[in-house]
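These notes concern the structure reproduced below.
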2 protein chains.
Amino acid sequence: MIEDNDQIPGLDAKASKLVASKGIFITAPKGAKVFEPGKKCELFYLLTCGSIRVQIVAESGREIVLYRVGPGAACVMTVSCLLGHSPYSGEGIVEQPLEGYAIGFPLFQELMSSSQGFRDSILGDYSERFIELVEVLEDVAFRPLESRLAARLLQLDNGFGIVPCTHQFLATDLGSAREVISRLLKRWEDRGLIALERGKINILLKNSLTNYKDHSRPG
Amino acid sequence: MIEDNDQIPGLDAKASKLVASKGIFITAPKGAKVFEPGKKCELFYLLTCGSIRVQIVAESGREIVLYRVGPGAACVMTVSCLLGHSPYSGEGIVEQPLEGYAIGFPLFQELMSSSQGFRDSILGDYSERFIELVEVLEDVAFRPLESRLAARLLQLDNGFGIVPCTHQFLATDLGSAREVISRLLKRWEDRGLIALERGKINILLKNSLTNYKDHSRPG
DNA sequence: TCAAAGTCGGTGACTTAGTCACAATATGAT
DNA sequence: ATCATATTGTGACTAAGTCACCGACTTTGA
């Protein structure tokens with residue numbers, strides 16, 4: 001539970017109090033499914049800690065990550081579904097163990113009309129997520145997979161040229177298929193750019209990877 | 001110019017007056033480019049008539065339509081760029097000859113803080129466009145082109161089984177390439193589903209097209 | 001009315017990406 | 001050690017996009 005003098009990230013004192021008193025305190029473990037495609041949307045989430053990964057899923061199992069939600073940020077897909085009374089089109093997976101408050105539509109509306117700060121933050125989140133979503137679409141539709149994979153590897157580099165993740169993780173992250181990622185990585189290994197281990201990728205020639213990355217887009 | 005007793009679609013009387021007095025009245029012919037990738041965003045548009053097609057463009061020239069803006073609707077990409085002070089990531093093309101008002105950031109903010117109706121309409125537009133954008137992403141990333149093409153043809157059917165458009169139009173609309181569309185159409189023509197003419201497609205077997213459409217997704 | 005320029009559609013050859021069906025190997029738990 | 005599971009490797013195939021053309025039709029202007 002939240003202390004009296006604590007605040008919920010993204011809310012002012014008054015709104016925090018309202019949510020803490022009328023909302024439902026919730027927790028969820030890593031991997032839990034917060035919502036899924038087709039399900040009706042009835043609750044809005046305000047996180048105090050943890051994070052949720054929001055993604056779309058194909059029948060084939062292929063996934064594309066849309067954005068991630070943490071404390072102080074609103075899940076705009078949830079807002080859209082609440083406002084439009086439409087079912088979810090994506091799924092929300094707990095990535096970091098979660099704590100926060102769930103509120104119903106009436107309380108959500110009360111916050112929207114009473115708190116300028118809440119309104120602004122929702123609008124700001126929409127604004128940012130929208131730009132990002134367009135970027136995801138551009139990447140998926142136009143940018144060569146090779147370039148995106150190189151960019152992601154460099155991004156995930158922990159500073160020592162080591163990327164601790166599976167091929168499946170990368171495939172999901174980029175909205176591709178595991179086999180395709182495996183083949184690209186294998187080709188780079190054959191050329192000496194990287195070294196592959198189970199669950200780990202070692203970057204040997206950072207500069208060459210950067211070339212691949214930039215070949216079709218700055219990142 | 002707008003009459004005193006007219007209103008700008010989507011705005012209440014007071015806001016209309018404000019925009020009509022402080023905004024710049026603009027017109028643009030079909031095909032005009034309202035904004036383009038990389039350009040700074042400084043004006044917000046309120047249309048009284050006409051429409052704008054908002055799309056992203058690849059280096060190769062391939063395009064994907066994100067949404068269309070008409071009277072009473074806000075161009076959410078413009079809102080995002082205004083709020084985030086970021087450059088446009090897509091381009092806006094006039095599809096139906098345009099009339100309306102352009103307002104600067106200060107006036108936009110004044111409307112946002114003074115008019116509850118304006119705020120609500122912006123938020124509502126975000127909410128709808130967001131859902132639609134996710135749908136576009138799902139289609140482009142997961143749904144077979146054949147299915148999407150069939151759906152679009154049936155959608156464009158004027159009721160007499162005639163679709164008056166070029167292959168290039170369909171390609172742009174679906175975010176594909178002209179040659180690919182031409183080949184799919186040719187195959188359907190060989191099988192007797194459609195008949196092709198220059199700038200026109202005749203649907204012969206509606207039911208078979210519906211099968212293709214539904215083979216991977218309801219529309 | 002004729003020719004040039006532009007638009008529209010067709011085609012082959014090639015590359016990239018995704019799908020399907022497996023096999024092989026590594027890891028961890030019991 | 002053995003079994004279940006997770007991870008990776010591979011071949012064969014299909015779908016989609018790219019590139020480089022060509023030819024056929026339309027519009028326009030001299």
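Note that the coordinates shown come from a computational prediction; the quantities given were computed from them, not determined experimentally. Below, chain A is the first sequence line, B the second, and so on; all start at residue 1.
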Side-chain donor/acceptor of B:Thr172 to backbone N/O of B:Gln168, under 3.5 Å:
yes
A:Tyr101 and A:Thr48 side chains, donor-acceptor separation under 3.5 Å:
no
At less than 4.0 Å, is any side-chain N or O atom of B:Ser176 found next to OP1 or OP2 of D:dG17? Yes or no.
yes
Do A:Leu170 and A:Ser176 come close enough that some side-chain heavy atom pair is under 4.5 Å?
no
Less than 4.0 angstrom from a charged side-chain N to a carboxylate O is my criterion; do A:Arg68 and A:Asp173 meet it?
yes
Is B:His167 near enough to C:dT7 that one of its side-chain N or O atoms lies under 4.0 angstrom from OP1 or OP2?
no
Heavy-atom donor-acceptor pair, A:Arg152 side chain to A:Leu174 backbone, under 3.5 Å
no
Taking for each residue the nucleotide of DNA chain D with the nearest heavy atom, is it A:Lys200 or B:Arg148 whose nucleotide lies nearer the 5' end?
A:Lys200
Could you go through nucleotides 13-15 of chain D and list every protein N or O atom that sits under 3.5 Å from one of its N or O atoms, giving the distance for each pair?
none

D:dG17, D:dT10, C:dT19: which one has an atom nearest the side-chain heavy atoms of A:Arg62?
C:dT19
Between A:Tyr126 and B:Ser80: side-chain donor-acceptor atoms closer than 3.5 Å
no
Any B:Ser60 side-chain N or O less than 4.0 Å from OP1/OP2 of D:dT18:
yes
Take B:Cys75 and B:Phe35, measure what side-chain contact (heavy atoms from CB on, under 4.5 Å) needs, and give me the verdict at the end.
CA-CA 11 Å; B:Cys75 174; B:Phe35 53 83; 4.0 Å; yes
Check: D:dG9 base within 3.5 Å donor-acceptor of A:Arg178 side chain
yes
The nucleotide from D:dT8, C:dT11, C:dA21 with an atom nearest the side chain of A:Thr166 is D:dT8
Any donor-acceptor pair under 3.5 Å from A:Tyr67 side chain to A:Met77 backbone
yes
To the side chain of B:Glu179, which of C:dG18, D:dA20, D:dG9 is closest?
D:dA20
Between atom CG in B:Leu196 and atom C1' in C:dG10, what is the gap in whole Å?
11 Å
If the condition is side-chain contact (heavy atoms from CB on, under 4.5 Å), which residues does A:Leu196 pass it with, not counting sequence neighbours?
A:His167, A:Leu185, A:Glu189, A:Ile194, A:Ile201
Could you pull out the protein-nucleic contacts involving nucleotides 26-29 of chain C (nitrogen or oxygen on both sides, under 3.5 Å)?
unit_1, atom_1, unit_2, atom_2, d
C:dA26, O4', A:Arg198, NH1, 3.4
C:dA26, N3, A:Arg198, NH2, 3.4

